[in-house]
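The block underneath contains the structure these notes are about, expressed in structure tokens.
Atoms considered below: every heavy atom in the structure, side chains included; atoms not considered: hydrogens, waters and symmetry mates. Fair warning: this is a prediction, and the values are worked out from it, not measured in the lab. We're numbering straight along the sequence, starting at 1.
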Amino acid sequence: MASGKEIRNKIKSVQNTKKITKAMEMVAASKMRKAQDRMRAARPYAEKIRRLAANLSAANITDYKHPFLVTKDDVKRVGLIVVTTDKGLCGGLNTNTLRTGLNALKDWESKGVTDMRVTCIGNKGLGFMQRLGAKVISHVTQLGDTPHMEKLIGPVKVMIDAFQNGELDEVHLVYSRFINTMKQESQLEQLLPLTGERLGTPEGNWDYLYEPDAQVVIDELLVRYVEALVYQAVAENMASEQSARMVAMKAASDNAGSVIGELQLVYNKTRQAAITKELSEIVGGAAAV
């Protein structure tokens, strides 16, 4: 059995760990509220631009068809945008997202896809894909606590340009969708080409007047729409990260409290045994005299 000093050192070590996890829990709770506010603030914009894209895709434009709206029957080249966190200590959030992405890559490989390219947003996804040996064509890390479009545009544009140039047949997006504080789900969505299911049903029959012309307006709008989808996914992932980290740190703090209680009980038993032994020695010595 360990000595009383060793047990006291263990109790002190666990208490210090509990202080850290408790502080991280409080910080994550503060950041979670701000991340959720940003996520909810971005949703109306994403919904509005989705409606515009749905209306434009359904409009009668016979002389121009945007590449983002052209679906290919034989898919042999696929791109995947993986959104993860830069830091850990957030439970199984990144594990679930990367598992979903890995399963998708395996599924495409079994279907005969010959070229799979990956764009990583977040350090955890980048490290995983590099260890996996995936073909990473662009990445961005150290995004901080707030998503900035200017940091995301560059890596995402590499994937979009590859699709527009005919180098890819489809582009997919995997991230953690925020449901509530206790629940986050890994989500795999088709980003390009924009399908009717993704765009939704247009609101009535729309007839637009384009200035300067339809091609310029649609080109700009659909690119902005894809960028808005990626931004929304990053905002959802950041809200999920802070929620998952708060829950994980709370669980760690509770577990530390349980460990401290168990160690305290062991310490008391050890101390009691030592006192009993000393009393026995005193009594034995007195009897011998």
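- Side-chain N/O atoms of Asn94 and Thr84 include no donor and acceptor closer than 3.5 Å.
- A salt bridge (Lys or Arg N to Asp or Glu O under 4.0 Å) check over residues 75-93, counting only residues at least two apart or in different chains, returns the pairs Arg77-Asp169.
- Other members of the cluster containing Met39 are Phe178, with ILVMFWY side chains joined at under 4.5 Å, either directly or via other members.
- Here salt bridge (Lys or Arg N to Asp or Glu O under 4.0 Å) pairs that include residues 120-131, with residues two or more places apart or in two chains, number zero.
- Under the side chain to side chain donor-acceptor pair (under 3.5 Å) criterion, Thr119 pairs with Ser138, not counting sequence neighbours.
- Side chains of Thr97 and Ser186: no donor on one and acceptor on the other come within 3.5 Å.
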Below 3.5 Å, can you tabulate the donor-acceptor pairs from side chains in residues 250-257 to any protein atom, sequence neighbours excluded?
unit_1 : atom_1 : unit_2 : atom_2 : d
Lys250 : NZ     : Asp254 : OD2    : 3.2
Ser253 : OG     : Thr21  : OG1    : 2.9
Ser253 : OG     : Lys22  : N      : 3.4
Ser253 : OG     : Met249 : O      : 2.9
Asn255 : ND2    : Ala251 : O      : 3.2

Throw together a table of side-chain donor-acceptor distances under 3.5 angstrom for residues 101-109, partners on residues two or more places apart or in other chains.
unit_1 : atom_1 : unit_2 : atom_2 : d
Asn103 : ND2    : Arg99  : O      : 3.2
Asp107 : OD2    : Lys111 : NZ     : 3.3

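- Contacts classified as ring pair (Phe, Tyr, Trp, His ring centres under 6.0 Å) and involving residues 251-277 (residues at least two apart or in different chains) are not found.
- Applying the salt bridge (Lys or Arg N to Asp or Glu O under 4.0 Å) test to every pair with at least one member in residues 172-183, sequence neighbours left out, gives these pairs: Lys183-Glu185.
- Under 4.0 Å is where a charged nitrogen must lie from a carboxylate oxygen, and between Glu220 and Arg224 at least one such pair does.
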Side-chain donor-acceptor pairs of residues 145-163 under 3.5 Å, sequence neighbours excluded:
unit_1 : atom_1 : unit_2 : atom_2 : d
Asp145 : OD2    : Lys31  : NZ     : 3.1
Lys157 : NZ     : Asp161 : OD2    : 2.8

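- Among residues at least two apart or in separate chains, side-chain hydrogen bond (donor to acceptor under 3.5 Å, both in side chains) pairs with a member in residues 228-238 are Arg43-Glu236, Gln232-Glu236.
- Of the candidates Ile260, Val266, Asn16, Ile11 forms a side-chain contact (heavy atoms from CB on, under 4.5 Å) with just one, namely Ile260.
- A salt bridge between Asp115 and Arg117 is present, with a side-chain N of the basic residue lying under 4.0 Å from a carboxylate O of the acidic one.
- Asp37 pairs by the side chain to side chain donor-acceptor pair (under 3.5 Å) definition with nothing, not counting sequence neighbours.
- Nearest heavy atom pair, residue Cys120 against residue Gly125, reads SG-O, 3.8 Å.
- Residues satisfying the side chain to side chain donor-acceptor pair (under 3.5 Å) test with Ser240, not counting sequence neighbours, are none.
- Rounded to the nearest 0.5 angstrom, Glu6 CD and Thr270 OG1 are separated by 10.0 Å.
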